[in-house]
Amino acid sequence: MSQTFTAAAVQMVSGDELAANLARAEALVAEAASRGAELVALPEYFYLMPGDEQARLAIAEPFGAGPLQQRMAALAARHGVWLLAGTLPLQGSQPQRFCNSSLLYNPQGQCAARYDKIHLFGFDDGKERYAEADTMQPGSEITSADTPWGSMRLSVCYDLRFPELYRHGPAPALITAPAAFTHTTGLAHWELLLRSRAVENLAFVIAPGQGGVHPGGKRTFGHSMIIDPWGQVLACHDEGEGIALATLDLDRQQTWRTRLPALQHRRF
């Protein structure tokens with residue numbers, strides 16, 4: 001197992017033009033790879049942030065086939081990186097709903113893990129309203145992926161508010177949380193939630209986000225981060241398009257887990 005490696009959390013401000021979003025994602029992954037990243041994570045909805053949520057449903061693909069998945073597989077293989085395709089729309093079993101799925105590709109371009117977002121975001125303060133359940137089918141399976149750096153627990157955005165998702169074995173060395181956090185909730189809770197999930201699991205958290213204003217007037221918080229198991233922010237990209245890049249030290253993680261064996265002290 002490699003004892004250090006470089007990870008990148010890519011931040012985007014995706015719009016309603018699929019081709020333009022994919023081109024930007026590919027360019028940012030290429031930049032991250034050129035800067036030494038071995039694991040590159042794209043944000044939730046990197047492919048499309050439309051004014052009309054139904055637009056994502058229209059391009060949902062069957063798992064294992066379709067141009068979006070083929071393009072991400074080719075991108076991982078082209079740069080020889082582990083690539084987290086933030087989320088992609090996959091066809092579900094419920095009519096008129098899609099699965100908001102986080103897919104991990106290995107450097108050979110093979111899909112190493114699929115996670116369907118379990119917790120669907122709902123928010124209404126009288127000015128902003130979000131109801132993912134209107135167009136999405138919730139997942140039901142917790143997903144861990146084997147990587148060269150240990151077990152990775154996949155999650156998406158709103159999942160961060162449900163810490164039990166991360167407590168099932170195996171204890172994750174890495175947590176991924178691609179997001180499109182609203183500016184309102186992100187300003188209050190984004191960093192707090194990320195650092196909490198890192199500390200309580202003594203895990204690295206890699207959280208790429210959307211960070212700007214999108215069609216329909218939606219505003220996302222950005223602040224894509226990489227956080228270490230002691231809760232320290234190793235890298236952050238505040239607003240707009242860009243990359244948060246950091247070196248992750250697995251020896252230090254093991255030192256923290258040895259000195260503070262909280263994972264072994266759990267009683268429930």
Taking side chain as C-beta onward, heavy atoms only, is [X] less than 4.5 Å from [Y]?
{"X": "L103", "Y": "F63", "answer": "yes"}
{"X": "W149", "Y": "F204", "answer": "no"}
{"X": "L42", "Y": "M72", "answer": "yes"}
{"X": "Y105", "Y": "Q110", "answer": "no"}
{"X": "T182", "Y": "Y130", "answer": "yes"}
{"X": "M225", "Y": "V205", "answer": "no"}
{"X": "L260", "Y": "W230", "answer": "yes"}
{"X": "M49", "Y": "R56", "answer": "yes"}

May I ask whether [X] and [Y] are part of the same hydrophobic cluster, defined by side-chain heavy atoms of I, L, V, M, F, W, Y residues being less than 4.5 angstrom apart, directly or through others?
{"X": "V199", "Y": "L165", "result": "no"}
{"X": "L174", "Y": "V10", "result": "no"}
{"X": "F162", "Y": "L193", "result": "no"}
{"X": "M136", "Y": "F46", "result": "yes"}
{"X": "L90", "Y": "L68", "result": "yes"}

Begin with the C-alpha distance, continue with both residues' side-chain angles, and end with the deciding distance and a verdict on side chain to side chain donor-acceptor pair (under 3.5 Å) for Q210 and T220. CA-CA 6 Å; Q210 297 279 351; T220 47; 5.1 Å; no
Would you tell me whether [X] and [Y] have side-chain atoms, one donor and one acceptor, within less than 3.5 Å of each other?
{"X": "D228", "Y": "Q232", "value": "no"}
{"X": "E128", "Y": "T184", "value": "yes"}
{"X": "Y166", "Y": "S155", "value": "yes"}
{"X": "D249", "Y": "T4", "value": "no"}

[X], [atom1]: over 12 other non-hydrogen atoms inside 6.0 angstrom:
{"X": "E164", "atom1": "CD", "answer": "yes"}
{"X": "D52", "atom1": "CG", "answer": "yes"}
{"X": "R252", "atom1": "CZ", "answer": "no"}

Identify the two heavy atoms, one from [X] and one from [Y], that lie closest to each other, and give their separation to 0.1 Å.
{"X": "A8", "Y": "L245", "value": "CB-CD1, 3.6 Å"}
{"X": "S102", "Y": "G86", "value": "OG-O, 2.8 Å"}
{"X": "A203", "Y": "Q253", "value": "CA-NE2, 3.6 Å"}
{"X": "R195", "Y": "V233", "value": "CD-CG2, 4.2 Å"}
{"X": "L83", "Y": "L75", "value": "CD2-CD2, 3.9 Å"}
{"X": "L160", "Y": "R197", "value": "O-NH1, 2.6 Å"}

Are any of the side-chain nitrogens in [X] or [Y] under 4.0 Å away from the carboxylate oxygens of its partner?
{"X": "R114", "Y": "E141", "result": "no"}
{"X": "R129", "Y": "D134", "result": "yes"}
{"X": "E53", "Y": "K218", "result": "yes"}

Begin with the C-alpha distance, continue with both residues' side-chain angles, and end with the deciding distance and a verdict on side-chain contact (heavy atoms from CB on, under 4.5 Å) for L39 and M152. CA-CA 12 Å; L39 169 63; M152 174 190 290; 4.0 Å; yes
For a side chain to side chain donor-acceptor pair (under 3.5 Å) check, start with the C-alpha distance between Y158 and N100, then their side-chain angles and the critical distance, and finish with the verdict. CA-CA 12 Å; Y158 190 49; N100 190 21; over 6 Å; no
Stepwise, does the side-chain contact (heavy atoms from CB on, under 4.5 Å) test hold for I59 with Y47? CA-CA 10 Å; I59 58 172; Y47 62 96; 3.9 Å; yes
For R71 and E26, what are the C-alpha separation, side-chain angles and deciding distance, and is it a side-chain contact (heavy atoms from CB on, under 4.5 Å)? CA-CA 9 Å; R71 198 154 171 175; E26 289 177 336; 2.7 Å; yes
Take T87 and K117 through the side-chain contact (heavy atoms from CB on, under 4.5 Å) test and state the conclusion after the steps. CA-CA 9 Å; T87 62; K117 186 178 184 180; 6.0 Å; no
